[in-house]
Amino acid sequence: MTRQISIYNSLTRQKEIFKPLTDGHVGMYVCGPTVYSDVHLGNCRTFVSFDVIYRYLLYIGYQVRYVRNITDVGHLLDDGEDRMLKGAKTNNLEPMEVAQKYTVGFHDMMRIFNTLPPSIEPRATGHIIEQIEMVQVILDNGYAYIKNGSVYFDTLKFAEATGEYGKLSGRIIDDLIAESRDNLKNQDEKNHPSDFAIWMKATEEHIMKWNSPWSVGFPGWHLECSAMSTKYLGKKFDIHGGGNDLKFPHHENEIAQNIGSCGCHPASYWLHTNMLLMNGKKMSKSDGNTISPVELFTGDSTHVTKGYSPMVVRFFMLQSHYRSPNDLTDEALSAAEKGYKRLMEAFKIVKVYPCPVKQKVLWTKKLSIFLMEH
RNA sequence: GGUCGGGUGGCCGAGCGGCUAGGCAGAGGUCUGCAAAACCUCGUACAGCGGUUCGAAUCCGCUCCCGACCUCCA
């Protein structure tokens with residue numbers, strides 16, 4: 001009933017024939033946004049890509065459980081300031097108001113881009129208990145240690161015991177181990193620089209914090225995805241996706257946590273989307289090479305000569321393969337706009353054209369995958 | 001510097017040893033009172049340099065360019 005497809009698996013670095021764990025069913029987890037500011041256009045590209053992957057899996061007959069999380073727990077910035085805290089200060093809001101505001105904004109934008117909502121959209125703050133439990137299991141298995149109320153994942157021990165650390169991102173475990181001697185005098189609490197927090201003790205001014213066996217604190221950044229994917233898709237599931245900038249450390253650490261707690265790799269296939277560029281360069285706020293979704297729609301930016309409708313932008317994004325960089329330029333957008341209009345004309349004709357019903361249904365269904373009428 | 005992707009005509013994108021994929025844009029034309037739509041015609045490109053081969057975009061080597069990651073950005 002389902003068609004055979006091949007997908008590129010980042011874990012094995014090759015295309016593989018897709019075989020779900022359970023015939024006819026697919027469990028797919030995609031790392032969702034951190035809701036402390038407006039959605040980035042690049043973020044939209046990733047979710048538009050996975051929207052099509054989701055739709056395609058449905059189209060070829062799979063029953064898909066698509067889980068995409070909302071990360072609404074604060075995480076530390078480079079300067080040590082918490083994102084939610086920063087957002088709250090900037091806007092004079094409660095942290096959960098910040099999370100709510102940007103979650104709603106994110107949902108609006110996803111609707112504007114005509115993406116189907118995921119089957120389950122769990123929030124990190126709603127799964128603190130699951131995360132605490134996972135920390136405990138990792139501790140019990142000996143892959144984590146406690147320092148001053150914080151709990152750190154012991155990457156070195158994990159690497160030596162399982163040989164699994166670094167597989168996804170291509171980090172060499174020997175280097176990791178060799179590195180350890182030089183860094184014993186590390187300034188912070190970690191035993192090894194590559195260790196990462198799975199539970200952080202909160203400072204006095206930290207607003208989002210919860211009680212735990214180790215301290216009043218908050219879960220580490222990578223933990224929510226491990227905990228929530230396990231909860232809703234099981235210890236093993238089919239597809240794990242996200243932007244390729246998440247490969248390391250986020251996904252690598254996620255794998256470590258999953259193996260460290262349940263002993264198995266979470267996902268069979270890892271899919272990573274490539275980045276959205278603008279005028280051949282990465283988008284960057286500091287050098288002005290950036291545009292927000294709204295600016296793109298309204299044309300209120302020096303980078304475009306006019307506004308482009310969300311569907312044109314979606315069509316443009318889908319013209320390039322999800323594993324290739326997508327270069328946004330005014331010229332490419334206007335070409336996409338004309339192409340999109342033409343395709344829509346053809347779609348209208350097909351819908352009213354007198355032809356056998358079966359054929360018509362088939363065509364309409366096929367076109368819908370890309371044109372997103374549903 | 002290391003790791004991982006990517007580099008095919010203006011923009012996408014198939015092909016993955018031999019038979020100029022295709023689409024979009026653009027140009028010209030047909031039809032239209034005008035315009036739009038539609039239709040017709042037009043593009044020998046594979047980052048570069050070597051090598052293997054009768055033959056390479058496709059295999060091998062070197063180089064160059066773009067991007068990501070290397071402690072928290074999709």
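All chains are named by letter (A, B, ...) in the order of the sequence lines, taking the proteins before the strands, and each is independently numbered beginning at 1.
- Residue-level contact check: A:His40 touches the bases, meaning some heavy atom is under 4.0 Å from a base atom.
- When the nearest nucleotides of RNA chain B are assigned to A:Thr273 and A:Lys281 by heavy-atom distance, the more 5′-ward of the two goes with A:Lys281.
- Using a 4.0 Å cut-off between charged nitrogen and carboxylate oxygen, A:Glu254 and A:Lys247 do not count as a salt-bridge pair.
- Counting non-hydrogen atoms under 4.0 angstrom, A:Asn326 reaches nothing in the nucleic acid.
- In this structure, A:Lys341 atom NZ and B:A38 atom P are separated by 12 Å, rounded to whole Å.
- The salt bridge (charged side-chain N to carboxylate O under 4.0 Å, His left out) search around A:Arg111 returns A:Asp108, not counting sequence neighbours.
- One atom, CG of A:Leu246, and another, C1' of B:G67, lie 15 Å apart when rounded to the nearest Å.
- Going from the C1' atom of B:C64 to that of B:C72 covers 32 Å, rounded to whole Å.
- The side chain of A:Phe248 lies closest to B:C70 when the candidates are B:G6, B:C11, B:C70.
- In this structure, the side chain of A:Lys147 engages the main chain of A:Glu189 through a donor-acceptor pair within 3.5 Å.
- The side chain of A:Thr34 has B:A74 as its nearest neighbour among B:A68, B:A74, B:G5.
- Look at NE2 on A:His272: it is 12 Å from P on B:G5, rounded to the nearest Å.
- In this structure, A:Tyr8 reaches the B:G5 phosphate: one of its side-chain N or O atoms is under 4.0 Å from OP1 or OP2.
- Put simply, A:Asn43 has a side-chain N or O that comes within less than 4.0 Å of OP1 or OP2 on B:A74.
- Atom CG in A:Leu11 sits about 15 Å away from atom C1' in B:U3, given to the nearest Å.
- Set against B:A68, B:G5, B:C12, the side chain of A:Lys282 has B:A68 as its closest nucleotide.
- With P as the reference atom, B:A47 and B:U30 are 39 Å apart, rounded to whole Å.
- Summarising the geometry, the separation between CE on A:Met275 and P on B:C66 is reported as 17 Å, rounded to the nearest angstrom.
- Remark: C1' of B:C70 and CG of A:Asp195 are 16 Å apart, rounded to the nearest angstrom.
- Exactly one residue among A:Tyr232, A:Tyr54, A:Phe50 makes a ring-ring contact (aromatic ring centres under 6.0 Å, His included) with A:Tyr66. That residue is A:Tyr54.
- When distances run from any side-chain atom of A:Pro249 to the nucleotides B:G6, B:C70, B:A74, the shortest one goes to B:C70.
- The partner of B:C19 is absent, by the rule that a Watson-Crick or G-U pair needs both atom distances under 3.5 Å.
- Note on A:Arg314 versus A:Asp51: salt bridge recorded, some NZ/NE/NH1/NH2 to OD/OE distance being below 4.0 Å.
- One atom, CG of A:Asn289, and another, P of B:C66, lie 14 Å apart when rounded to the nearest Å.
- Nucleotide B:U3: paired with B:A68 (Watson-Crick or G-U wobble, both distances less than 3.5 Å).
- Aromatic ring pairs are classed by plane angle as parallel below 30°, tilted from 30° to 60° and perpendicular above 60°; the pair A:Phe158 and A:Phe153 is perpendicular.
- Residues passing the side-chain contact (heavy atoms from CB on, under 4.5 Å) test with A:Thr230 are A:Met134, A:Lys235, A:Asn258, sequence neighbours excluded.
- Across all strands shown, B:A47 forms a Watson-Crick or G-U wobble pair, both distances under 3.5 Å, with B:U63.
- Looking at heavy-atom distances under 4.0 Å, A:Phe196 makes no contact with the nucleic acid at all.
- The residue A:Arg45 sits apart from the nucleic acid: no heavy atom pair falls under 4.0 Å.
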- Task: Verify salt bridge (Lys or Arg N to Asp or Glu O under 4.0 Å) between A:Glu160 and A:Lys157, making sure each step is shown before the conclusion.
- Result: CA-CA 5 Å; A:Glu160 284 172 333; A:Lys157 191 171 176 191; over 6 Å; no
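- Across the C1' atoms, B:A35 and B:C16 are found 47 Å apart, a figure rounded to whole Å.
- As judged by a 4.0 angstrom heavy-atom cut-off over every strand, A:Asn244 is placed among residues touching the sugar-phosphate backbone only.
- For B:C31, there is no paired base (Watson-Crick or G-U wobble, both distances below 3.5 Å).
- For A:Arg123, the CZ atom sits in a packed shell: over 12 heavy atoms of surrounding residues, nucleotides or ligands are nearer than 6.0 Å.
- Spacing of C1' atoms, B:C46 relative to B:U58, comes out at 10 Å, to the nearest Å.
- For A:Leu276 and B:C66, the CG to C1' distance is 14 Å, given to the nearest whole Å.
- No cation-pi contact links A:Arg68 to A:Tyr29, judged by a cut-off of 6.0 Å to the six-membered ring centre and 45° from its axis.
- Residue A:Leu277 is the one, among A:Met283 and A:Leu277, whose nearest nucleotide of RNA chain B lies closer to the 5' end (criterion: closest heavy atom).
- Comparing B:C59 with B:A68, their P atoms sit 27 Å apart, to the nearest whole Å.
- Spacing of P atoms, B:C19 relative to B:A57, comes out at 9 Å, to the nearest Å.
- As judged by a 4.0 angstrom heavy-atom cut-off over every strand, A:Gly280 is placed among residues touching the sugar-phosphate backbone only.
- Of the C1' atoms belonging to B:U3 and B:A45, the separation is 32 Å, rounded to the nearest Å.
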- Message: Can you build the contact string for nucleotides 22-28 of chain B? Use B for base contact, S for sugar-phosphate-only contact, and - for no protein heavy atom under 4.0 Å.
- Response: --SSS--
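- Between the C1' atoms of B:G23 and B:G43, the separation comes to 14 Å (whole Å).
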